[in-house]
Amino acid sequence: MADRYRSWIEISLGRIVSNYQAVRSAAGEAVQVMPVVKADAYRHGAAEVSRALQGAGAAWLGVSSVEEGVALRQAGIQSRVLCMAGCLPTEREALLEFNLVPAIHSLDDLRSFDALAARHKRSVAYHLKIDTGLGRLGTLAAPQAVANAVLAARHARLEGLMTHFASSADYTSDQTERQIRVFDEVVEQLAAAAVYPEYQHLAATISLAYGRRNSWRNMVRVGHAIYGYISPARGEAPAPILQVRPALSWRASLVQVKDVAEGTLIGYGGMYRASRPMRIGVVAVGYADGYPHRLSNRGKIIAAGRLAPVLGAVSMDLITVDLTATPELAPGDTVTLLGAEGSASVDAHQMARAAGTISYAVLCGIGARVRRVYVG
C-alpha cells in the first residue's frame with residue numbers, strides 16, 4: 001500500500017519496543033526509564049509510539065510542551081507525562097486539567113504553580129530543574145534558597161529533581177562531572193531539610209549508553225536510543241553497554257527516469273554537469289519534506305540495493321539521482337533515503353555527517369506531508 005505514496009516513512013513499533021526493552025535491561029530494575037516522545041516522537045508519531053511504549057510498561061513519558069502533553073491525553077495515553085521545556089502562564093490550568101507534570105525552572109515559577117494548586121485546593125506534583133552548567137532552562141538559585149522555596153510550597157509537591165548535561169558525549173571534558181557535583185549540592189541541602197524527591201534524573205541516552213552510572217540515579221530520560229540511535233562519543237569513552245536499531249525507514253517514489261547526454265546540466269543553477277551519458281531518476285522528495293538541502297551534489301540514496309548519488313541541487317519537492325547502474329528502475333518504483341536494501345544502508349548518522357548536521361535534526365526534520373506507515 002505504501003508504494004502509492006510519493007514519499008513515506010515506515011516505522012517499526014516492534015523495534016521501538018525492543019529498543020525500550022534494551023534500555024530497561026541496561027539501566028537495571030532499580031532505574032525508572034522515561035522514554036522521550038517530544039517533537040512527535042522524533043517524527044515517528046507521538047500517539048502511536050506512546051501507545052506502544054505504554055503497552056510495554058512505560059510508566060513515564062517525556063514531552064517538551066503542555067500542548068504535546070495534552071495531545072497525548074487526547075489520544076488516550078494514561079502514563080505519567082512530564083512537560084520538560086517550560087510552561088507559559090496561559091498553559092498552567094491545562095497542567096491540572098490534563099493531569100500533566102511540569103518541570104519547574106525557577107523559584108518564581110514554583111511559587112506561581114503553588115498558588116495555582118492552592119486556588120484549586122489540590123496537591124500537585126512537579127519536577128524542579130537545576131541549571132548545573134548547560135546555561136539554558138533551570139534555576140541558578142543557591143541550594144539553601146532552593147530548599148527554602150520547596151519547603152514554603154504548601155500545595156505543590158516536589159516529586160523529582162532534574163538537570164540536563166551539556167557535554168555528556170565529550171570524554172575530553174570534565175563538565176559532566178562538574179554538573180553532577182552542582183546537582184549533588186542541591187540534593188544534600190534538600191536532605192538536610194528532610195526533603196527527599198522521589199525521583200532524581202540527570203542522564204539521557206549518552207550517559208546511559210556509555211555507562212556513566214553515577215548520573216543515572218533512579219530515573220533516566222531516553223529519547224534517541226528509543227528510536228535506534230546512539231551518538232558517537234569524543235575522547236576515550238568506554239565501550240557502549242547498549243545496542244539499539246533504527247526504527248524508521250524513509251522511502252520515496254521515482255516520478256521520472258530518462259537518459260541524458262554528456263554535458264547535460266542538472267538541477268537549479270546547473271550545479272551538476274553530466275560527465276558521461278547517464279540515466280537519471282527524479283525522486284518525489286525535497287527539502288519541503290525534510291530532505292536536507294545541503295545534500296545537494298553530496299547525498300546518497302539506495303536504488304535497487306545499490307548506493308546512488310544525488311545529482312545537483314535538492315529542490316523543494318524533488319531530487320535527481322544517478323540510476324546508470326540500475327537501468328531496470330522505472331517511474332513508480334521505490335528508492336530508499338534512510339534504511340537498508342540488501343547490503344546497502346544509509347542511517348541518520350551518515351546522512352547527518354554528509355549534510356553537516358546531527359542525526360536528531362535529520363529525524364526531526366522529516367516533514368508532515370511525508371506519510372507515516374506503521375509496520376511490525
[X] to [Y] - nearest heavy-atom pair and separation:
X	Y	result
Met34	Gly62	CG-N, 3.6 Å
Asp322	Arg279	OD1-O, 3.5 Å
Val260	Ala274	CG2-CB, 4.5 Å
Met219	Tyr199	CE-CD2, 3.7 Å
Asp131	Leu137	CB-O, 3.9 Å
Gly211	Trp216	CA-CZ2, 3.9 Å

Do side-chain atoms of [X] reach the backbone of [Y] as a donor and acceptor pair under 3.5 angstrom?
X	Y	answer
Arg372	Val370	yes
Asn19	Arg245	yes
Glu91	Leu88	yes
Gln175	Gly133	yes
Arg157	Ala125	no
Glu341	Gly305	yes
Thr264	Ala261	yes
Glu198	Glu159	no
Asp40	Ala46	yes
Thr326	Leu329	no

Would you say that more than 12 heavy atoms from the other residues, nucleotides or ligands in this model lie under 6.0 Å from the [atom1] of [X], or not?
X	atom1	value
Glu328	CD	yes
Glu177	CD	yes
Glu67	CD	no
Arg178	CZ	yes

Check the pair His105, Leu140 against side chain to side chain contact (heavy atoms under 4.5 Å, CB included), reporting the backbone distance first and the verdict last. CA-CA 9 Å; His105 301 110; Leu140 290 167; over 6 Å; no

Between [Y] and [X], is there a side-chain donor-acceptor contact under 3.5 Å, judged purely by atom types and distance?
X	Y	result
Gln179	His164	no
Thr336	Arg251	yes
Thr132	Thr163	yes
His120	His155	no
Trp250	Ser7	yes

Suppose we screen for salt bridge (Lys or Arg N to Asp or Glu O under 4.0 Å). Which residues come up paired with Arg273, at least two apart in sequence or across chains? none

Which ring-ring contact (aromatic ring centres under 6.0 Å, His included) pairs, counting each pair once, include a residue from residues 323-367, with sequence neighbours left out? His224-Tyr360, Tyr229-His349

Tyr20 six-ring face occupied by Arg15 cation (under 6.0 Å, within 45°): no

Taking the six-membered ring of Tyr5, is NZ or CZ of Arg371 closer than 6.0 Å to its centre and within 45° of its axis? yes

By the salt bridge (charged side-chain N to carboxylate O under 4.0 Å, His left out) test, which pairs, at least two apart or in different chains, include something from residues 342-353? none

Between Trp60 and His201, does a ring pair (Phe, Tyr, Trp, His ring centres under 6.0 Å) hold up when you go through it step by step? CA-CA 12 Å; Trp60 281 90; His201 46 111; 7.7 Å; no

Test: Arg111 and Asp108 ion pair at under 4.0 Å: yes

Could you please spell out the steps behind the salt bridge (charged side-chain N to carboxylate O under 4.0 Å, His left out) verdict for Arg154 and Asp114? CA-CA 7 Å; Arg154 295 291 181 238; Asp114 185 53; over 6 Å; no

Side chains of Ser231 and Ile206: does their closest heavy-atom pair fall under 4.5 Å? yes

Quick one, Phe183 and Leu161 - any side-chain contact, counting heavy atoms below 4.5 Å? yes

What distance separates Leu323 CG from Asp333 CG, expressed to the nearest 0.5 Å? 9.5 Å

